[in-house]
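Worksheet: one structure, shown below.
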Protein chains: 2
Amino acid sequence: MDRFIQYLPIISACILDVKIQNSKFWKKEQALFSQTAEYALRASICLAQGAGGPMRAAEISAATKVPQDYLAKVLQALTRAGIVAARRGTNGGYALARPAGQVSILDVLNAVDPLKRITTCPLGLPAHGTKLCRLHRKLDDALATIERSFAEATLDQMTDASSGTSKPLCPTPG
Amino acid sequence: MDRFIQYLPIISACILDVKIQNSKFWKKEQALFSQTAEYALRASICLAQGAGGPMRAAEISAATKVPQDYLAKVLQALTRAGIVAARRGTNGGYALARPAGQVSILDVLNAVDPLKRITTCPLGLPAHGTKLCRLHRKLDDALATIERSFAEATLDQMTDASSGTSKPLCPTPG
DNA sequence: CAAGTACTGGATAAATCGATCCATTTATCC
DNA sequence: GGATAAATGGATCGATTTATCCAGTACTTG
C-alpha cells in the first residue's frame, strides 16, 4: 500500500492513549497571563483599595500574597511606568500615581508584560504571504478583544467599593 | 507633613521618565501565546493544507519555519493528544487524525499549552473571599471569550482553500 | 545632624521554556 | 532479510522567568 491511512480507526487512538500514560507527558505550566502580570494587578488593586495613604511593600505583600522581594521588582516596574508613586523613608510606601478610575488593567499589564499585538507575519515573508496568515488574523483578533476589554476596565471597578455588595468575591469552583 | 501626596504633579512624572531611560528597564518578552502554541498551530494548519498525504517533519519544518528538532517534540505532543497521526519509515510522516473541519484551534492549543480557566481564587482563601476577586472574574471572562472563539475556529477555516481569494495573507504593518 | 525606615538596584540561584543532538524503534523498499 | 527512511524519546544546553539576598540610597523623624 502506498496510500497513507489518514484517519486512524478508533482502535489506534486507544493504543495512543496508552502511550500517553507510559511516557512522561510533555505538559506546560504556562498560563495565558504571566505570574508577573498577576502580581502587578493584585498590587495595583490593593493600592486602589487602600486609597487613603501609601502602603509599604511589606503590607502589600501580606495583603496580596506576592513574595515580598519579587513584589519589590514589580512595584519598581510600575513606578517606572508612572502608574504608582514611590516614597522612601519613614512613612514611605507606594500609592497610585493617578486616581484608580484613571488606571486601566491594560495600563498595568503593559507596564510589566506588554500585550503585543501581531502586526506582521511571524514567518517573516513580507511581500508574498504565507499560507498561515488566517491564523494570525484570528489570533490578533483575540488579542484585540482582550486589549479592548482591559483598556475599559479601571482599577476602581475591581475594588469591593465599586459595588453595594460587600462580598462578591471568588466563587468556589462549583 | 504627614499626609502623602498621592497624585504626583506632572513634573514628578517627568523625573520618573528620565529614570526609565537610565536604568535597565525590566522588560519581558513573553507574548500572550507561547512559542510552542504558535508552532503547534502552524504545523497543524500546514497539515490541513497539504491534506493529500502525510508530510515529513522536515517538510513541515521548511514550510512553517519551526526548528526541526523542536517541531518533532511538538508533533509528538499533538500525536499523543490524538490530533495528528504519525507513521514511521519510508513514506511516513504526519497527517491530521481527523478532517481539518473537525479540529479546532482550541484542540491544538490544549494539546501543547492548555488554556487554563480560573476557577478558584489564586490567593487561596476559599471561604472568605479576598478583595481581589473582581479582577479574577474579569480575567476569566477574557479567557472564556478566547476559549469560545478558538473552539469555533477549525483548521480548515485557517487555510487558503477556505476562501476564493488566493492571497488574503498577512498584511504589512501599515 | 544622627538614627532609623523603606525603596532601589545589582548579583545570584532555581525553575521552566525553547532548542538541539543522537541513539533507538518501527516501517517501507528492494 | 538487509538497507534505508522517518518518527520516538532520552539527555543536554541556553535563554527567559521567577524568586531571593543584600548593600546602597533617599527620606523622615527627633
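Model, not experiment: these values are computed from the prediction.
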Closest to the [X] side chain, choosing from [options]:
X        : options                   : result
Tyr94(B) : dG10(D), dT20(D), dT8(D)  : dT8(D)
Glu29(A) : dC21(C), dC17(C), dT17(D) : dC17(C)
Lys73(A) : dG9(C), dT20(C), dT28(C)  : dG9(C)
Asp69(A) : dA6(D), dC21(D), dG18(C)  : dC21(D)

| Checking side chain to side chain contact (heavy atoms under 4.5 Å, CB included) for the pair Val112(A)/Lys28(B): CA distance, chi angles, key distance, verdict? | CA-CA 7 Å; Val112(A) 295; Lys28(B) 304 208 176 284; 5.8 Å; no
How many Å lie between [atom1] on [X] and [atom2] on [N], as a whole number?
X        : N       : atom1 : atom2 : answer
Glu38(A) : dT17(D) : CD    : C1'   : 15 Å
Leu71(A) : dC7(C)  : CG    : P     : 9 Å
Arg56(A) : dC7(C)  : CZ    : P     : 8 Å
Tyr70(B) : dT16(C) : OH    : C1'   : 10 Å
Leu78(A) : dG9(C)  : CG    : P     : 14 Å
Leu32(B) : dC17(C) : CG    : C1'   : 16 Å
Gln68(B) : dC22(C) : CD    : C1'   : 13 Å

| said: Show me the pairs that pass salt bridge (Lys or Arg N to Asp or Glu O under 4.0 Å) and involve residues 99-116 of chain B, at least two apart or across chains. | reply: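 Salt bridge (Lys or Arg N to Asp or Glu O under 4.0 Å) check on residues 99-116 of chain B returns Arg98(B)-Asp107(B).
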| request: Apply side chain to side chain contact (heavy atoms under 4.5 Å, CB included) to Ala111(A) and list each qualifying residue two or more places apart in sequence or on a separate chain. | output: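 By the side chain to side chain contact (heavy atoms under 4.5 Å, CB included) rule, Ala111(A) matches Leu78(A), Ala81(A), Ile83(A).
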| request: List in chain and number order the residues that pass side chain to side chain contact (heavy atoms under 4.5 Å, CB included) with Lys73(A), two or more places apart in sequence or in another chain; answer none if no residue qualifies. | output: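 Residues passing side chain to side chain contact (heavy atoms under 4.5 Å, CB included) with Lys73(A): Gln76(A), Trp26(B).
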| query | Quick one: is dG9(C) close enough that its OP1 or OP2 comes under 4.0 Å of any side-chain N or O from Arg80(A)? | reply |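 It does, given that an N or O in the side chain of Arg80(A) lies less than 4.0 Å from OP1 or OP2 of dG9(C).
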| Is Asn91(A) near enough to dT29(D) that one of its side-chain N or O atoms lies under 4.0 angstrom from OP1 or OP2? |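 Yes.
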| said: With nearest nucleotide decided by heavy atoms, which residue, Gln76(A) or Lys28(A), maps closer to the 5′ end of DNA chain C? | reply: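 Counting from the 5' end, the first nearest nucleotide belongs to Gln76(A).
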| message | I want to confirm an ordering. Mapping Tyr39(B) and Leu75(A) to their closest nucleotides on DNA chain C, which one lands closer to the 5' end? | response |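 Mapping each residue to its closest nucleotide by heavy atoms, the 5'-most match is Leu75(A).
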| query | Across the strands shown, which category fits Ala58(B) at heavy-atom distances under 4.0 angstrom: base, sugar-phosphate, nothing? | reply |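 The answer is nothing, as Ala58(B) stays clear of every strand by at least 4.0 Å.
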| Reckon Gln30(B) touches a base, only the sugar-phosphate, or nothing at all at heavy-atom distances under 4.0 Å? |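 Contact class for Gln30(B): sugar-phosphate only.
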| field | Which residues share a side-chain hydrogen bond (donor to acceptor under 3.5 Å, both in side chains) with Ser61(B), sequence neighbours left out | value |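 Ser61(B) satisfies side-chain hydrogen bond (donor to acceptor under 3.5 Å, both in side chains) with no other residue.
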| task | Could you pull out all residues at least two apart from Gln30(B) that satisfy side-chain hydrogen bond (donor to acceptor under 3.5 Å, both in side chains)? | result |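 By the side-chain hydrogen bond (donor to acceptor under 3.5 Å, both in side chains) rule, Gln30(B) matches no residue at all.
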Give me the distances for all protein-to-nucleotides 24-27 of chain C N/O pairs that come in under 3.5 Å?
{"unit_1": "dT25(C)", "atom_1": "O2", "unit_2": "Arg88(B)", "atom_2": "NH1", "d": "2.7"}
{"unit_1": "dT26(C)", "atom_1": "O4'", "unit_2": "Arg88(B)", "atom_2": "NE", "d": "3.4"}

| request: Please list, chain by chain and in numerical order, all residues satisfying salt bridge (charged side-chain N to carboxylate O under 4.0 Å, His left out) with Glu59(A), sequence neighbours excluded. | output: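 Scan of Glu59(A) (salt bridge (charged side-chain N to carboxylate O under 4.0 Å, His left out), adjacent residues dropped) gives Arg56(A).
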| task | Could you pull out all residues at least two apart from Arg148(B) that satisfy salt bridge (charged side-chain N to carboxylate O under 4.0 Å, His left out)? | result |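 Salt bridge (charged side-chain N to carboxylate O under 4.0 Å, His left out) list for Arg148(B), sorted by chain: empty.
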| Parallel, tilted or perpendicular for Tyr70(A) and Tyr39(A), by the 30°/60° rule? |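 Correct class here is perpendicular.
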| field | Among Leu75(A), Val74(A), Val66(A), side chain to side chain contact (heavy atoms under 4.5 Å, CB included) partner for Ile60(A) | value |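 Answer after filtering Leu75(A), Val74(A), Val66(A): Leu75(A).
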| query | Pairing of DNA chain C as dot-bracket, 5' to 3': ( ) intra-strand, [ ] crossing, | other strand, . unpaired, with Watson-Crick or G-U pairs under 3.5 Å? | reply | ||||||||||||||||||||||||||||||
